[in-house]
S.K.: 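First the structure, then my questions, so here it is.
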Amino acid sequence: MIAVEKALEQYGAPVYVRHEIVHNKYVVQTLERKGAIFVEQTAEVPPGSIVMFSAHGVAPTVHEEAKEGRLATIDATCPLVTKVHKEAIRYANEDFDILLIGHEGHEEVIGTSGEAPDHIQLVDGPGDVEKVEVRDPSKVVWLSQTTLSVDETMETVDALKEKFPLLVSPPSDDICYATQNRQLAVKQMGAEADLVIVVGSRNSSNSVRLVEVAKLAGAKEAYLVDFAEEIDEAWLDGVATVGVTSGASVPEVLVEGVLEWLAQRGFEDVEIVKAAEESIVFSLPKELRRDLRAEAAALAEQQ
């Protein structure tokens, strides 16, 4: 969200964004009001315009399309997704079969697959393992979409290892740290709460997973809402404890809105469940940093 806002401040509207910058309805609507235009295909962006690639990443072919369309690009791909792309390229260069654990049609999966289409095959859950075929069982590696449930991913990995005992794991965990931390907290919360409310959008993979994790952890019910007004008061019937969490890209104001809504209905006491400290801060896209520095230097010369 910050990258798009900074781009609008720096270049003025419109700034085109290929796919939703993050999967959150509030964020997308807020940015649209400020002058961002979200498109599904690069061809929808007028020649000579600025296009930003979303946090989910894009395939190399999309960069080529932008070049052909004479577009100025800003790559806002999440660094964790970029890491997976680099791993895919490296293993493809070493002629591995790459088994990408993820959900079919998700932008991140499409982007990662595009890095090495001849080497990557998608494994969409444990049920897909049976149909996986590889050229050489001694040269197989798994990678994953960053926003999956950790438990779901490892269940698929275990099934793959049963079929391919020499399966190689990536050098480091690919699941987004923010996704993991929220899932850990929801496991604690779900074991104690009668109801868990997850703030997030339905097209957000990590938000949907949080609902599933809460139920598996023991919550009697768990629901996904974008805004506090979507909560049904009937959900509170017979409920003594409510857990509240949010997807990785949800603005704090939406969580606060849910907490206020609950407080007005007798749930004033709040206990914070923290699974881990988050201290990682990602910088703005390099193209935006470059232009901001150039502008700052130009202003300094004028003074």
S.K.: Look at the side-chain heavy atoms of Ile, Leu, Val, Met, Phe, Trp and Tyr, link any pair under 4.5 Å apart, and say whether W142 and V123 land in one connected group.
M.R.: yes

S.K.: Counting heavy atoms not belonging to K86, are there more than 12 under 6.0 Å from its NZ?
M.R.: no

S.K.: Taking all heavy atoms of G247 and all of R182, pick out the closest pair and write down the distance.
M.R.: O-NE, 3.5 Å

S.K.: Just list the side-chain donor-acceptor pairs under 3.5 Å for residues 220-233, sequence neighbours left out, or say none.
M.R.:
{"from": "K220", "atom 1": "NZ", "to": "D194", "atom 2": "OD1", "distance (Å)": "3.0"}
{"from": "D226", "atom 1": "OD1", "to": "S201", "atom 2": "OG", "distance (Å)": "2.5"}
{"from": "E230", "atom 1": "OE1", "to": "D226", "atom 2": "N", "distance (Å)": "2.8"}
{"from": "D232", "atom 1": "OD1", "to": "A234", "atom 2": "N", "distance (Å)": "2.9"}
{"from": "E233", "atom 1": "OE2", "to": "R265", "atom 2": "NE", "distance (Å)": "3.3"}

S.K.: May I ask you to say whether E212 pairs ionically with R209, meaning some side-chain N is under 4.0 Å from a carboxylate O?
M.R.: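 Salt bridge present between E212 and R209.
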
S.K.: Using the rule that Ile, Leu, Val, Met, Phe, Trp and Tyr join whenever any side-chain heavy atoms are under 4.5 Å apart, tell me whether V140 and M154 fall into a single cluster.
M.R.: yes

S.K.: Got more than 12 heavy atoms from elsewhere within 6.0 Å of NZ, K6?
M.R.: no

S.K.: Just how far is it from atom CD of Q145 to atom CD of E107, taken to the nearest 0.5 Å?
M.R.: 9.5 Å

S.K.: Hey, could you give me the NZ/SG distance between K83 and C78, rounded to the nearest 0.5 Å?
M.R.: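 Nearest 0.5 Å value for the NZ-SG distance: 10.0 Å.
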
S.K.: Side chains of L292 and L284: closer than 4.5 Å at any heavy-atom pair?
M.R.: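 They are in contact (side-chain heavy atoms under 4.5 Å apart), so the answer is yes.
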
S.K.: Is there a side-chain contact between N24 and P251, using heavy atoms and a 4.5 Å cut-off?
M.R.: yes

S.K.: Side-chain donor-acceptor pairs under 3.5 Å in residues 51-62, sequence neighbours left out?
M.R.:
{"from": "S54", "atom 1": "OG", "to": "H56", "atom 2": "N", "distance (Å)": "3.3"}
{"from": "S54", "atom 1": "OG", "to": "H56", "atom 2": "ND1", "distance (Å)": "3.2"}

S.K.: Apply ring-ring contact (aromatic ring centres under 6.0 Å, His included) to F96 and list each qualifying residue two or more places apart in sequence or on a separate chain.
M.R.: Y91

S.K.: State, with a plain yes or no, whether a side-chain heavy atom of D151 is found less than 4.5 Å away from one of K187.
M.R.: yes

S.K.: Applying a strict under-4.5 Å side-chain criterion to I, L, V, M, F, W and Y, I'd like to know whether I101 and V84 cluster together.
M.R.: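 No, I101 does not connect to V84 through the hydrophobic network.
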
S.K.: Contact between T147 and H106 at the side-chain level, heavy atoms closer than 4.5 Å - yes or no?
M.R.: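 In contact.
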
S.K.: Out of curiosity, K163 NZ to L99 CG, how far, rounded to the nearest 0.5 Å?
M.R.: 9.5 Å

S.K.: Going by distance alone, is a donor N or O of one side chain under 3.5 Å from an acceptor N or O of the other, for D136 and S138?
M.R.: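 Indeed, the side chains of D136 and S138 share at least one donor-acceptor pair under 3.5 Å.
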
S.K.: Hey, what do you get for OH (Y16) to CD1 (I74), rounding to the nearest 0.5 Å?
M.R.: 14.0 Å

S.K.: What residues form a side chain to side chain donor-acceptor pair (under 3.5 Å) with R289, not counting sequence neighbours?
M.R.: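 So R289 forms a side chain to side chain donor-acceptor pair (under 3.5 Å) with S283.
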
S.K.: Evaluate whether atom CD of E130 has more than 12 neighbouring non-hydrogen atoms of other residues, nucleotides or ligands under 6.0 angstrom away.
M.R.: no

S.K.: Are V39 and V45 close enough that some pair of their side-chain heavy atoms sits under 4.5 Å apart?
M.R.: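 Heavy-atom side-chain distance check passes, below 4.5 Å.
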
S.K.: Count the heavy atoms of every other residue, nucleotide or ligand shown that sit under 6.0 Å from CG of D95, and state whether that count exceeds 12.
M.R.: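 More than 12 heavy atoms, drawn from other residues, nucleotides or ligands, come within 6.0 Å of this atom.
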
S.K.: Nearest 0.5 angstrom please: L262 CG to L195 CG, how far?
M.R.: 8.0 Å

S.K.: Is any side-chain heavy atom of L122 less than 4.5 Å from a side-chain heavy atom of V109?
M.R.: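 Result yes, sub-4.5 Å side-chain heavy-atom pair found.
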
S.K.: Are any of the side-chain heavy atoms of W235 and V242 separated by less than 4.5 Å?
M.R.: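 No, their side chains stay 4.5 Å or more apart.
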
S.K.: Using ring-ring contact (aromatic ring centres under 6.0 Å, His included) as the criterion, list what pairs up with H103, not counting sequence neighbours.
M.R.: none

S.K.: Do V157 and V141 belong to the same hydrophobic cluster, where Ile, Leu, Val, Met, Phe, Trp and Tyr are linked whenever their side-chain heavy atoms lie under 4.5 Å apart, directly or via other members?
M.R.: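 Hydrophobic grouping puts V157 apart from V141.
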
S.K.: Are there more than 12 heavy atoms of other residues, nucleotides or ligands under 6.0 Å from atom CD of E5?
M.R.: yes

S.K.: Are Y11 and V4 in one and the same hydrophobic cluster, where Ile, Leu, Val, Met, Phe, Trp and Tyr link if side-chain heavy atoms are under 4.5 Å apart?
M.R.: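 Yes, Y11 connects to V4 through the hydrophobic network.
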
S.K.: Report yes or no: does T156 contribute a side-chain atom to a donor-acceptor pair with the main-chain N or O of E152 at less than 3.5 Å?
M.R.: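 It does hold such a pair.
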
S.K.: Dump the intermediate steps for side-chain hydrogen bond (donor to acceptor under 3.5 Å, both in side chains) on Q183 and N206, then the final yes or no.
M.R.: CA-CA 9 Å; Q183 288 174 11; N206 74 87; over 6 Å; no

S.K.: State whether the side chain of H119 and the backbone N or O of I98 hold a donor-acceptor pair below 3.5 Å, judged by distance alone.
M.R.: no

S.K.: Would you say D97's side chain and R135's backbone share a donor-acceptor pair under 3.5 angstrom?
M.R.: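 A pair under 3.5 Å: yes.
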
S.K.: For a 4.5 angstrom cut-off between non-hydrogen side-chain atoms, does V28 reach T30?
M.R.: no

S.K.: Checking E44 side chain against Q41 main chain: does a donor-acceptor pair fall under 3.5 Å?
M.R.: yes

S.K.: Look only at the side chain of E287 and the backbone of A76, and say whether a donor-acceptor pair between them is shorter than 3.5 Å.
M.R.: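 No: the side chain of E287 does not pair with the backbone of A76.
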
S.K.: So how far is it from Q121 CD to D128 CG, rounded to the nearest 0.5 Å?
M.R.: 9.5 Å

S.K.: Does CD in E256 sit with more than 12 non-hydrogen atoms of other residues, nucleotides or ligands closer than 6.0 Å?
M.R.: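 Enclosed.
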
S.K.: Tell me yes or no: between the side chains of T146 and E108, is some donor less than 3.5 Å from an acceptor?
M.R.: yes

S.K.: For T73 and A66, work out which heavy atoms get closest and say how close.
M.R.: CG2-CB, 3.5 Å

S.K.: Write down the atom of T112, the atom of I120, and the distance for their closest heavy-atom approach.
M.R.: O-CD1, 3.4 Å

S.K.: The criterion is ring-ring contact (aromatic ring centres under 6.0 Å, His included); which residues satisfy it with H85, sequence neighbours excluded?
M.R.: none

S.K.: If only atom types and distance count, is the side chain of K34 paired as donor or acceptor with the main-chain N or O of E9 below 3.5 Å?
M.R.: no

